[in-house]
Asks: 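Here's a structure for you.
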Amino acid sequence: MPKYETRKTPGDTVWFTHDRFGMFIHWGLYALPARHEWVQHNESIQPEDYRKYFDRFDPDMYDPREWAKAAKAAGMKYAVMTAKHHEGFCMFDSAYTDYKCSNTNGAAKGRDLLKEYAAAFRAEGLRVGFYYSLIDWHHPDFVIDTLHPMRKRKDIHELNLSRDQKKYAQYMRDQVTELLTDYGQVDILWFDFSYPGHDERSDLNGKGKDDWEAEELIATARALQPNIIIDNRTQIEQDLWTPEQFQPDEWQKDSDGNLVVWEACQTFSGSWGYHRDEKSWKTPEILIRMLINTVACGGNLLLNVGPTARGYLDYRARDSLAAMGEWMKYNARSIYGCTQSAYAAPDNCRLTESEDGTRLYIHIYAYPFSNLHIPAALADKIEYAQFLHDSSEILIDRPKSAHGMNDGKVKFRLPSIKPAVIVPVIEVFLKQEA
Ligand code: GLC
């Protein structure tokens, strides 16, 4: 039985490690320039010039029920949406700033977009999380640092004299209090991110837990929603480890070597915010493999969409989600409630195993013609095997001896033509000890 002990943490991760697959949503003013959510940094856009996106924000086609339906159809069980990204613009009706959606003049005027998202996703039965940027390129007290869009100005040190980072830290606590008071049960709080250290060339600092007053910030959150899952990007380890834009090939560990609850976050194309011109969209096969590879190492996958400035998911995002959904419709059993297996995988395969150790899932990455060799340790444990997508029995050859007709190895007898499933899965019922 694959029971893995992970580091004990304060939040409730039981549902999370069962559900395995969620939707990340990066939506903010950066959807208008549509060339990366870091555009303000990348192009060193000064606050007064970035203002035009605030003035033009008009999400007239925003209908989070459509997003929620698309997420659910893709097989996702939870979502995390940007309440505020590094640009500082709030997608919720905060009492502590005017730089918020409800204060714009377009379709979002007077509305709390985050609240609408939370209601729509809950209505589809999905759990709801909020991403909250520790970085804020708009707040007047946020000390200009190595990443700030104003970092190249000559008068930074003068400008910084009037900035009081402690006031900004209080602002974050106030907003987190709003988010965890007025929005019902929030399952995940996803802070982003720390970059401590000093840059010699610019003579500017990065920021880390002391700048965020992270201990207090976390305490504020826990006092309001004790079971909430908090990530580790404040620079204080909490419930969740978050490898970004790469696929770990083993279970993630904390600094003491304990296994942890982890979640890979990945984009469809590179940018998190809507990026019109990006051509590096991942194929359905890669996306499906990412999900399988993640669960095969005991993790979750948070797959990102960047809605357009008008508020809808563009056709590429919809197509990608639909492809995931088509696979998940028939194969989700190898994902939900599954984790890393202790068995060695057959060639070109990835394994997951149900938490209760009764079923093993063999994901076939390179279809082998009509035989799949079964590693010896597994061969004696198989009670019954079938394709997961159609429950068709898969027979097992157990040749006693080789007479030139076979190699004497135990193998699954597969159809010679690959079934019409991007990644076919063999579901194995494992013999249980009496
Ligand atoms: C980052 C980026 C960012 C994105 C995030 C998602 O560190 O700054 O734009 O929101 O990670 O993991």
Side-chain angles (χ1 to χ4, degrees), residues 16 21-45 50 53 76 78-92 114 117 129-139 142 145-149 151 172 175 179 188-197 206-209 211-212 214 229-248 252 260-276 278 280 282 287 290-291 294 299-307 309 317:
F16 183 80
F21 187 28
M23 175 182 269
F24 218 173
I25 304 170
H26 275 70
W27 198 37
L29 296 182
Y30 41 80
L32 287 135
R35 50 183 190 273
H36 208 283
E37 78 284 354
W38 274 68
V39 62
Q40 197 184 352
H41 161 100
N42 293 346
E43 299 175 16
S44 300
I45 305 177
Y50 202 74
Y53 303 125
M76 293 158 162
Y78 61 97
V80 178
M81 170 163 155
T82 48
K84 174 189 91 159
H85 203 261
H86 308 338
E87 64 182 3
F89 181 71
C90 293
M91 301 299 276
F92 63 108
L114 192 73
Y117 141 80
F130 297 155
Y131 167 110
Y132 185 85
S133 175
L134 301 162
I135 302 170
D136 194 314
W137 296 329
H138 181 265
H139 197 283
F142 186 91
D145 61 17
T146 46
L147 297 180
H148 201 284
R151 70 196 174 284
M172 289 202 287
Q175 289 204 320
L179 291 170
I188 302 170
L189 188 55
W190 222 99
F191 289 120
D192 196 34
F193 66 78
S194 300
Y195 46 105
K207 286 191 176 64
K209 59 178 186 303
D211 305 283
W212 320 130
I229 293 175
I230 300 179
D231 70 347
N232 63 350
R233 293 196 180 183
T234 60
Q235 222 191 348
I236 294 181
E237 293 182 328
Q238 284 289 299
D239 308 297
L240 183 61
W241 277 249
T242 57
E244 171 179 337
Q245 301 264 38
F246 75 97
Q247 278 304 124
Q252 299 296 280
V260 295
V261 172
W262 66 277
E263 178 189 59
C265 50
Q266 290 283 3
T267 57
F268 282 139
S269 66
S271 166
W272 299 87
Y274 176 66
H275 196 310
R276 183 189 57 204
E278 226 161 31
S280 46
K282 297 174 180 70
L287 295 169
M290 276 180 164
L291 177 60
T294 304
N300 280 37
L301 179 66
L302 188 62
L303 190 56
N304 181 74
V305 296

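Order of listing sets the numbers, starting from 1, for every ligand and every atom in it.
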Asks: side-chain contact (heavy atoms from CB on, under 4.5 Å) with Met91: which of Trp27, Phe130, Tyr117?
Replies: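 Single pass found, and it is Trp27.
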Asks: Would you check if the side chain of Glu87 reaches a backbone N or O of Leu29 as a donor-acceptor pair within less than 3.5 Å?
Replies: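 Flag set: sc Glu87 to bb Leu29 pair under 3.5 Å.
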Asks: Among all protein non-hydrogen atoms, which one is nearest to atom 11 (O) of ligand 1, and what is the separation to 0.1 Å?
Replies: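 Answer, as residue, atom name and distance: Glu244 OE1, 2.9 Å.
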Asks: Report yes if some heavy atom in the side chain of Glu244 is under 4.5 Å from a heavy atom in the side chain of Trp272; otherwise report no.
Replies: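 Result yes, sub-4.5 Å side-chain heavy-atom pair found.
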Asks: Determine whether the aromatic ring centres of residues Phe193 and His86 are separated by less than 6.0 angstrom.
Replies: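 They qualify: ring centres under 6.0 Å apart.
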Asks: Considering the heavy atoms of Phe24, write down every atom of ligand 1 situated less than 4.0 Å from one of them.
Replies: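 So the atoms of ligand 1 that pass are 6 (C), 12 (O).
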Asks: What orientation do His275 and His36 show, parallel under 30°, tilted 30 to 60°, or perpendicular over 60°?
Replies: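 If you compare the ring of His275 with that of His36, the planes turn out perpendicular.
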Asks: For atom 9 (O) of ligand 1, what is the nearest protein heavy atom, given as residue, atom name and distance?
Replies: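 Minimum-distance protein heavy atom for atom 9 (O) of ligand 1 reads Glu37 OE2, 2.6 Å.
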Asks: Does an N or O from His85, backbone or side chain, lie closer than 3.5 Å to an N or O of ligand 1?
Replies: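 Looking only at distances, the answer is yes, because the N/O contact criterion of under 3.5 Å is met.
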Asks: May I ask you to identify the nearest protein heavy atom to atom 2 (C) of ligand 1, giving residue, atom name and distance to one decimal place in Å?
Replies: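 Protein heavy atom at minimum distance: Trp38 NE1, 3.5 Å.
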Asks: Given side chains that start at C-beta, do those of Asp239 and Val261 come closer than 4.5 Å, heavy atoms only?
Replies: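 Asp239 does not reach Val261 side chain to side chain.
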Asks: Of all the atoms in ligand 1, which lie at a distance below 4.0 Å from a heavy atom belonging to Trp190?
Replies: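 In order of number, 12 (O).
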Asks: If you measure from each non-hydrogen atom of Gln245 to ligand 1, which part falls under 4.0 Å: side chain, backbone, both or neither?
Replies: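 Neither; no heavy atom under 4.0 Å.
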Asks: Checking a contact table here: which protein heavy atom is nearest atom 10 (O) of ligand 1, and how many Å away?
Replies: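 That would be His26 NE2, 2.5 Å.
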Asks: Using ring centroids (six-membered ring only for Trp), state whether Tyr30 and Phe89 fall under 6.0 Å.
Replies: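 No, too far apart.
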Asks: In terms of atom number and element, which parts of ligand 1 are under 4.0 angstrom from non-hydrogen atoms of Cys265?
Replies: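 Once the distances to Cys265 are compared, the set is 12 (O).
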Asks: Below a 4.0 angstrom heavy-atom separation, can you tell me which part of Tyr30, side chain or backbone, both or neither, approaches ligand 1?
Replies: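 Neither part.
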Asks: In a check of side-chain contact (heavy atoms from CB on, under 4.5 Å) between Gln266 and each of Leu301, Thr294, Leu302, which one passes?
Replies: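 When side-chain contact (heavy atoms from CB on, under 4.5 Å) is applied between Gln266 and each of Leu301, Thr294, Leu302, only Leu301 qualifies.
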Asks: For atom 5 (C) of ligand 1, what is the nearest protein heavy atom, given as residue, atom name and distance?
Replies: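 Protein heavy atom at minimum distance: Asp192 OD2, 3.3 Å.
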Asks: So that I know where these two stand, are Phe191 and Trp212 an aromatic pair - ring centroids less than 6.0 Å apart?
Replies: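 Judged by ring-centre distance (under 6.0 Å), Phe191 and Trp212 do not meet the cut-off.
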Asks: At a 4.0 Å threshold, what atoms of ligand 1 neighbour a non-hydrogen atom of Tyr131?
Replies: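 Heavy-atom distances to Tyr131 below 4.0 Å select 10 (O).
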Asks: Considering only heavy atoms of Phe193, which atoms of ligand 1 have at least one such atom less than 4.0 Å away?
Replies: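 Counting atoms of ligand 1 from 1, those under 4.0 Å from Phe193 are 7 (O), 8 (O).
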